[in-house]
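Following: one structure in structure tokens, then a few remarks.
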Amino acid sequence: MIRKNPRGDIPSIDPSAFVDPTAIVCGLVVVKENVFIGPYAVIRADEVDENGEMEPIIIGAHSNIQDGVVIHSKSGGRVSIGENTSIAHRAIVHGPCEVGSGVFIGFNSVLFNCRIGEKCVVRHNAVVDGCDLPPGFYVPSTERIGPRTDLGSIAKVTVQASEFSEDVARTNNSLVKGYQRIRNEL
């Protein structure tokens with residue numbers, strides 16, 4: 001469902017993107033080309049700051065927002081998702097937040113008030129809260145990364161993890177074309 005927010009902002013969705021009919025995209029949201037937004041995803045830009053203003057939620061080209069993902073922002077803060085990025089099933093991205101290009105965010109992971117550098121991998125059930133993760137870092141499943149985390153203790157992304165991330169992005173890019181082809185069937 002595509003809908004405006006109480007302020008009257010309407011999502012801007014590139015015609016080449018696919019938004020599942022069960023997904024909700026609300027308000028000041030910009031969806032770039034060839035993006036896949038899966039079933040029951042919620043992308044909601046509807047909160048304003050104390051001046052009645054808000055920054056957009058931007059989903060970069062060729063990215064995928066999988067089933068049950070929630071993207072929202074506190075008090076109108078900006079959320080940006082880079083290009084060729086995968087946000088896996090039931091993850092939460094709560095702004096203000098910036099996720100770079102070529103990133104993989106695993107199942108049930110939570111991002112809040114953070115910056116995730118390009119080509120990072122955040123595995124399943126991990127939390128990144130209140131810190132900046134430099135490009136190319138690997139966060140193992142169930143880890144919690146915060147402002148007091150020693151980033152020197154975090155591993156870099158391996159070739160295998162990078163290949164996995166790229167494969168997920170490619171697979172979901174092909175889903176965009178497939179679902180668009182059958183869009184009017186049923």
Side-chain angles (χ1 to χ4, degrees), residues 1-2 10-45 55-73 78-111 114-124 126 128 133-139 156-184:
M1 171 188 305
I2 310 303
I10 298 172
S12 172
I13 300 172
D14 189 277
S16 66
F18 175 77
V19 178
D20 188 89
T22 64
I24 296 173
V25 182
C26 174
L28 190 57
V29 177
V30 178
V31 177
K32 303 287 186 160
E33 63 270 8
N34 201 45
V35 167
F36 174 81
I37 298 176
Y40 301 101
V42 176
I43 304 171
R44 193 165 56 92
E55 296 287 328
I57 293 175
I58 301 170
I59 311 297
H62 313 290
S63 289
N64 60 90
I65 309 302
Q66 298 176 16
D67 311 27
V69 167
V70 174
I71 301 175
H72 189 242
S73 188
R78 181 182 182 88
V79 175
S80 64
I81 308 293
E83 296 183 358
N84 297 300
T85 288
S86 298
I87 311 294
H89 311 295
R90 294 180 43 172
I92 297 172
V93 178
H94 203 287
C97 191
E98 180 181 330
V99 179
S101 294
V103 169
F104 176 82
I105 305 299
F107 310 136
N108 293 313
S109 288
V110 177
L111 308 180
C114 63
R115 179 175 292 147
I116 307 297
E118 291 188 4
K119 298 196 178 286
C120 282
V121 171
V122 177
R123 294 295 289 177
H124 315 307
V128 181
L133 199 58
F137 273 67
Y138 180 87
V139 178
K156 293 286 195 166
V157 172
T158 64
V159 171
Q160 293 84 359
S162 183
E163 287 172 350
F164 173 81
S165 299
E166 291 166 7
D167 184 54
V168 170
R170 264 192 309 277
T171 298
N172 281 277
N173 283 164
S174 68
L175 286 176
V176 172
K177 290 172 183 56
Y179 277 116
Q180 284 182 335
R181 189 178 63 253
I182 64 170
R183 182 184 311 241
N184 295 321

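FYI, the numbering just counts along the sequence from 1.
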_Heavy-atom pair of closest approach, residues Ala23 and Ile37_ = CB-CG2, 3.9 Å
*Please report the shortest heavy-atom distance between Lys119 and Val157, naming the atom on each side.*
O-CG2, 3.3 Å
_Name the residue from Ile71, Val30, Val99 that meets the side-chain contact (heavy atoms from CB on, under 4.5 Å) definition with Ile59._
Ile71
*Taking the side chain from Asp167 and the backbone from Glu163, do they hold a donor-acceptor pair closer than 3.5 Å?*
no
*Roughly how far, to the nearest 0.5 Å, is CD1 of Ile105 from CG of Leu111?*
4.5 Å
_Pairwise salt bridge (Lys or Arg N to Asp or Glu O under 4.0 Å) hits with a residue in residues 15-24, at least two apart_ = none
*CD of Glu98 to CD1 of Ile116: how many Å apart, nearest 0.5 Å?*
9.5 Å
*Applying side chain to side chain donor-acceptor pair (under 3.5 Å), name anything that partners Ser16, two or more places apart in sequence or on another chain.*
Asp14
*Hey, can you tell me if Phe107 and His89 have their rings parallel, tilted or perpendicular (30° and 60° cut-offs)?*
parallel
_ring pair (Phe, Tyr, Trp, His ring centres under 6.0 Å) partners for Phe164, two or more places apart_ = Phe104
*Step-by-step side-chain hydrogen bond (donor to acceptor under 3.5 Å, both in side chains) determination, Asn64 to Ser86*: CA-CA 5 Å; Asn64 60 90; Ser86 298; 2.8 Å; yes
*What pairs of residues pass the salt bridge (Lys or Arg N to Asp or Glu O under 4.0 Å) test when at least one of them lies in residues 21-44, not counting sequence neighbours?*
Arg44-Asp46
*Interatomic spacing from CD1 in Ile92 to CG in Asn108 - rounded to 0.5 Å*: 8.0 Å
*Output, in order, the C-alpha distance, side-chain angles, deciding distance and verdict of side chain to side chain contact (heavy atoms under 4.5 Å, CB included) for Val69 and Val42.*
CA-CA 6 Å; Val69 167; Val42 176; over 6 Å; no
*Do Val70 and Val93 touch side chain to side chain, with heavy atoms closer than 4.5 Å?*
no
*Taking all non-hydrogen atoms of both residues into account, name the closest pair between Asn34 and Lys177 and its distance.*
OD1-NZ, 3.6 Å
*How many angstroms lie between atom SG of Cys97 and atom CZ of Arg78, to the nearest 0.5 angstrom?*
12.0 Å
_What's the separation between atom CZ in Phe18 and atom CD1 in Ile13, rounded to the nearest 0.5 Å?_
11.5 Å
*When you look at CZ of Arg123, are more than 12 heavy atoms from neighbouring residues, nucleotides or ligands closer to it than 6.0 Å?*
yes
_Set of side-chain contact (heavy atoms from CB on, under 4.5 Å) partners for Ala45, sequence neighbours left out_ = Leu28, Val29, Met54, Ile57
_On a heavy-atom basis, which atom in Ser63 and which in Glu83 lie closest, and how many Å separate them?_
OG-C, 3.5 Å
_Could you walk me through whether Val128 and Val122 satisfy the side chain to side chain contact (heavy atoms under 4.5 Å, CB included) test, starting with their C-alpha distance in whole Å, then the side-chain angles of each, then the deciding distance to 0.1 Å, before giving a yes or no?_
CA-CA 8 Å; Val128 181; Val122 177; 4.3 Å; yes
*Looking at His62 and Asn173, what are the two nearest heavy atoms and their distance?*
O-ND2, 3.0 Å
*asked:* If you define the side chain from C-beta out and look only at heavy atoms, does anything of Val168 sit under 4.5 Å from Gln66?
replied: yes
*Distance in Å, Gln180 CD paired with Phe36 CZ, rounded so as to fall on 0.5 Å steps*: 11.0 Å
*Could you tell me which non-hydrogen atom of Val79 sits nearest to which non-hydrogen atom of Gly95, and how far apart they are?*
CG2-CA, 3.5 Å
*Any donor-acceptor pair under 3.5 Å from Ser80 side chain to Ile58 backbone*: no
*asked:* My understanding is that only residues two or more places apart in sequence, or in another chain, count here; which of them pass ring pair (Phe, Tyr, Trp, His ring centres under 6.0 Å) with Phe137?
replied: none
